[in-house]
Amino acid sequence: MNDSYLIKGGKPLKGEVILSGAKNVALKTIIASLMFKGDVILKNIPKINDVLDLIELIKSLGVKADFIEKNTLIINSDSLKSNRVELQYGSKIRVSFMLFAPLLHRYGECFVPNPGGCRIGARPIDRTINGLIALGVKVNYDSETGYYQAKIINKPKGKYRFEKPSHTGTELLMMIGLMTDEKVEIDNIANEPEIDDLILYLNSAGANIKEEKNKITISKNPELKQKKAFTIMSDRNELVTYATLAVASHGNIIIGPIKESLIASFLEIMRKAGAGVEKIAKDKFRFFYQDGIKPVNIETSPHPGFMTDWQPSWAILMLVAKGKSVIHERVFENRFSYVEELKKLGAKIDFIDIKVENPENFYHFNYEKNKEYQQTIKIQGGYELHNAILNIADLRAGAALACAALLASGETVVNGASILERGYEDFVEKIKKLGGDIKKV
Ligand code: EPU
């Protein structure tokens with residue numbers, strides 16, 4: 001299998017990128033579709049490795065799922081025949097734990113392995129499990145097999161307040177709320193726009209999910225049935241990857257379609273850095289290089305802040321900024337797997353310690369007092385990058401490394417293409433269309 005990219009860097013990238021559908025909506029709408037009766041049609045589903053792995057997983061459970069056009073998926077789960085997610089499928093993809101919802105919905109009991117996925121920190125699911133228990137689901141974990149067993153004793157009901165928000169946790173508990181006529185309230189939820197798209201999808205099929213500022217209420221749910229095909233939103237993480245690449249490569253790229261409100265904090269920081277940003281249509285932006293890039297420090301935070309998924313791309317832009325910048329990661333622990341790799345290209349990046357007043361509150365992961373964390377990097381930008389052999393450890397880091405290789409002189413090999421392609425559709429084709437020199441080897 002060709003799992004590396006051979007990249008000759010140094011060219012300004014120019015042209016247009018049509019964004020694919022959002023990975024983090026596609027996966028959830030596919031899982032939620034297993035709670036529907038009859039056929040479900042989803043449009044704008046990206047053909048990326050995570051989606052293909054999830055389709056294989058649901059097929060292993062007896063569900064029918066096929067692409068009828070490049071990005072149009074038809075699903076019918078009337079033939080679902082198992083309440084157990086096999087480890088060989090579940091371990092490949094992190095969202096497999098969200099199968100709790102449709103399997104409990106259908107069988108009242110299910111067996112789901114501890115999730116796999118990207119290696120960005122410990123990534124426990126304790127908040128979600130506590131939420132399931134609070135809503136009345138009985139959950140046991142067998143540490144020998146690595147499996148959760150969940151069972152509905154009485155219909156889920158009541159309230160759960162996330163101690164700290166969780167994006168997939170919010171979505172999973174919301175789906176659990178769909179299997180009862182009782183009222184379910186989930187408080188201190190995550191506010192990511194991908195969750196809103198999932199709500200739109202479920203409500204268009206008859207669900208009754210209400211979202212106020214930090215709270216979701218679910219009540220009186222009829223059987224879910226699709227009335228018309230649902231088109232998922234564009235991938236804002238993909239936009240950030242190509243937008244930063246446009247500017248860092250001294251290029252010029254038009255990107256869309258995207259709603260401005262989904263990327264507002266990114267646009268603000270881009271303008272602050274002196275990047276060229278122009279809105280050229282209601283849902284289209286042009287990103288381009290102009291008169292030198294300034295260093296800008298960022299702190300990641302949940303929506304509407306500067307997203308954690310965007311910081312590896314920000315680091316790439318800051319490599320071409322003249323001066324020092326700091327990136328402080330607050331959402332995940334250990335999301336800097338790209339740092340040692342970028343150093344191989346000659347990048348000047350160091351981990352630094354920044355004193356934080358109340359780290360338990362400041363960080364969104366479960367902060368432990370005596371554990372060592374590396375949450376902050378300092379980048380000294382303005383140096384030329386040279387070629388090297390790089391290894392991808394996680395999805396967003398992978399995109400950053402491929403982009404860095406596109407800026408570097410000479411030929412760079414980036415190993416682990418399949419990890420990047422978990423989340424980026426037609427990456428090689430899109431880069432080639434922009435004039436980049438890349439091939440799979
Ligand atoms: N956390 C816990 N316990 C929990 C849940 C979360 O400690 O029970 C911690 C996490 O380890 C993390 C923080 O809380 O440090 C926030 O995690 P959250 O649950 O919100 O993230 P997630 O649902 O696992 C989703 C996306 C991520 C995206 C984040 C933030 C999907 C499949 N994944 O992860 O996307 O970065 O929300 O918006 O929707 C990606 O696409 O590459 C990706 C990692």
Taking Ser234 for its side chain and Gly21 for its backbone only, find out whether a donor-acceptor pair lies under 3.5 Å.
no

Close side-chain approach of Phe288 to Glu278, heavy-atom, < 4.5 Å:
yes

Do Asn188 and Asn214 meet the criterion of a side-chain donor-acceptor pair at a distance under 3.5 Å?
no

Test item: Lys344 and Ile389 side chains (from C-beta on) under 4.5 Å apart, heavy atoms
no

Please answer whether the main-chain N or O of Thr300 pairs with a side-chain N or O of Trp310 as donor and acceptor at a distance below 3.5 Å.
no

Looking at every non-hydrogen atom in both residues, tell me the closest pair between Val414 and Ala402 and how far apart they are.
CG2-CA, 4.4 Å

OG/Ser77 to CE/Met35 distance, rounded to the nearest 0.5 angstrom?
10.0 Å

Count the heavy atoms of every other residue, nucleotide or ligand shown that sit under 6.0 Å from CD of Glu268, and state whether that count exceeds 12.
no

Worked check of side-chain hydrogen bond (donor to acceptor under 3.5 Å, both in side chains) between Gln375 and Tyr367:
CA-CA 11 Å; Gln375 295 305 124; Tyr367 183 86; over 6 Å; no

Could you walk me through whether Leu73 and Ile55 pass the side-chain contact (heavy atoms from CB on, under 4.5 Å) check?
CA-CA 10 Å; Leu73 184 65; Ile55 290 175; 3.7 Å; yes

Kindly indicate, with the supporting measurements, whether the criterion salt bridge (charged side-chain N to carboxylate O under 4.0 Å, His left out) is fulfilled by Lys47 and Glu421.
CA-CA 9 Å; Lys47 268 198 173 151; Glu421 289 167 13; over 6 Å; no

Electrostatic pair Arg127:Glu163 at N-O distance under 4.0 angstrom
no

For the residue pair Met174 and Val184, establish whether any side-chain heavy-atom pair is separated by less than 4.5 Å.
no

Taking the side chain from Gln226 and the backbone from Ile41, do they hold a donor-acceptor pair closer than 3.5 Å?
yes

Non-hydrogen side-chain atoms of Thr412 and Leu406 separated by less than 4.5 Å:
no

Test side-chain contact (heavy atoms from CB on, under 4.5 Å) on Leu245 and Phe287; report intermediate values, then the result.
CA-CA 9 Å; Leu245 179 60; Phe287 298 93; over 6 Å; no

Ile68 backbone acceptor or donor facing Thr72 side chain under 3.5 Å:
no

Asp394 side chain to Ser337 side chain, donor-acceptor N/O pair below 3.5 angstrom
yes

Close side-chain approach of Ile45 to Thr29, heavy-atom, < 4.5 Å:
yes

For Lys322, look at atom NZ and say whether over 12 heavy atoms of other residues, nucleotides or ligands are found less than 6.0 Å away.
no

Will you find, in the side chains of Ser33 and Tyr201, an N or O donor that is under 3.5 Å from an N or O acceptor?
yes

Walk me through it: do Leu57 and Leu99 pass the test side-chain contact (heavy atoms from CB on, under 4.5 Å)?
CA-CA 10 Å; Leu57 190 166; Leu99 264 297; 4.3 Å; yes

One thing to verify: whether Glu69 and Lys43 come together as a salt bridge, which I'm taking to mean a side-chain N less than 4.0 angstrom from a carboxylate O.
no

Side-chain (Asn71) to main-chain (Asn44) donor-acceptor, under 3.5 angstrom
no

Asp350/Lys324 salt bridge by N-O under 4.0 Å criterion
no

Please report the shortest heavy-atom distance between Phe306 and Ile298, naming the atom on each side.
CE2-CD1, 3.3 Å

Closest approach of Ala404 to Ile316 (non-hydrogen atoms, all atoms of both residues)
CB-CD1, 3.9 Å

With a sphere of 6.0 Å drawn around CG of Asn2, does it hold more than 12 non-hydrogen atoms of other residues, nucleotides or ligands?
yes

Is there a donor-acceptor pair closer than 3.5 Å between any side-chain N or O of Asp197 and the backbone N or O of Met233?
yes

Distance-only polar pair, side chains of Asn203 and Asn208, donor-acceptor under 3.5 Å:
no

Strictly below 4.0 Å, N to O, side chains only: are Glu429 and Lys432 in salt-bridge contact?
no

Are any side-chain N or O atoms of Glu192 and backbone N or O atoms of His303, one a donor and one an acceptor, separated by less than 3.5 Å?
yes

Are Ser418 and Asp3 close enough that a side-chain donor and a side-chain acceptor fall under 3.5 Å?
yes

The single option from His364, Arg396, Arg335 that satisfies side chain to side chain donor-acceptor pair (under 3.5 Å) with Thr308 is Arg335

I'd like to know whether NZ of Lys439 has more than 12 heavy-atom contacts from other residues, nucleotides or ligands below 6.0 angstrom.
no

Side chain Thr376, main chain Ile354, donor-acceptor under 3.5 Å
no

Heavy atoms only: give me the nearest Ser96-Pro115 pair and the separation to one decimal.
OG-CA, 4.3 Å

Take Ile58 and Ile30, measure what side-chain contact (heavy atoms from CB on, under 4.5 Å) needs, and give me the verdict at the end.
CA-CA 9 Å; Ile58 62 172; Ile30 293 172; 3.7 Å; yes

Hey, are the side chains of His167 and Ile195 touching, using non-hydrogen atoms and a 4.5 Å cut-off?
yes

Okay, side chain of Lys164, backbone of Tyr363: is any donor-acceptor separation there less than 3.5 Å?
yes

Identify the two heavy atoms, one from Leu390 and one from Leu401, that lie closest to each other, and give their separation to 0.1 Å.
CD1-O, 4.0 Å

What is the minimum heavy-atom distance between Leu103 and Cys110, and which atoms define it?
CB-CB, 3.5 Å

Please determine whether the number of non-hydrogen atoms from other residues, nucleotides or ligands lying under 6.0 Å from atom CD of Glu86 exceeds 12.
yes

Would you call Phe266 and Val277 a side-chain contact if the rule is heavy atoms closer than 4.5 Å?
no

Run the salt-bridge test on Glu16 and Lys284 with the 4.0 Å N-O cut-off and return the result as yes or no.
yes

Please check: side-chain N/O of Glu425 versus main-chain N/O of Ser20, any donor-acceptor pairing under 3.5 Å?
no

Evaluate Lys279 against Glu260 for salt bridge (charged side-chain N to carboxylate O under 4.0 Å, His left out), listing each step before the verdict.
CA-CA 9 Å; Lys279 187 171 178 173; Glu260 186 167 2; 2.7 Å; yes

Check Lys215 with Glu185, please: is the shortest side-chain N to carboxylate O separation under 4.0 Å?
yes

Working for salt bridge (charged side-chain N to carboxylate O under 4.0 Å, His left out), residues Lys371 and Glu333:
CA-CA 11 Å; Lys371 199 168 159 184; Glu333 51 174 298; 3.1 Å; yes

Taking only Lys NZ, Arg NE, NH1 and NH2, and the carboxylate oxygens of Asp or Glu, determine whether Lys430 and Glu238 approach each other closer than 4.0 Å.
yes

Evaluate ring-ring contact (aromatic ring centres under 6.0 Å, His included) for Phe427 paired with Tyr5, printing each intermediate quantity in order.
CA-CA 10 Å; Phe427 184 72; Tyr5 299 120; 5.8 Å; yes

Before you tell me yes or no, could you show the steps for Asp66 and Lys59 under salt bridge (charged side-chain N to carboxylate O under 4.0 Å, His left out), namely the whole-Å CA-CA distance, both residues' side-chain angles and the distance that decides it to 0.1 Å?
CA-CA 10 Å; Asp66 290 295; Lys59 280 186 167 174; 3.7 Å; yes

Over 60° means perpendicular and under 30° means parallel, so classify the ring planes of Phe351 and Phe336, tilted if in between.
perpendicular

Between Asp235 and Leu19, is there a side-chain heavy-atom distance shorter than 4.5 Å?
no

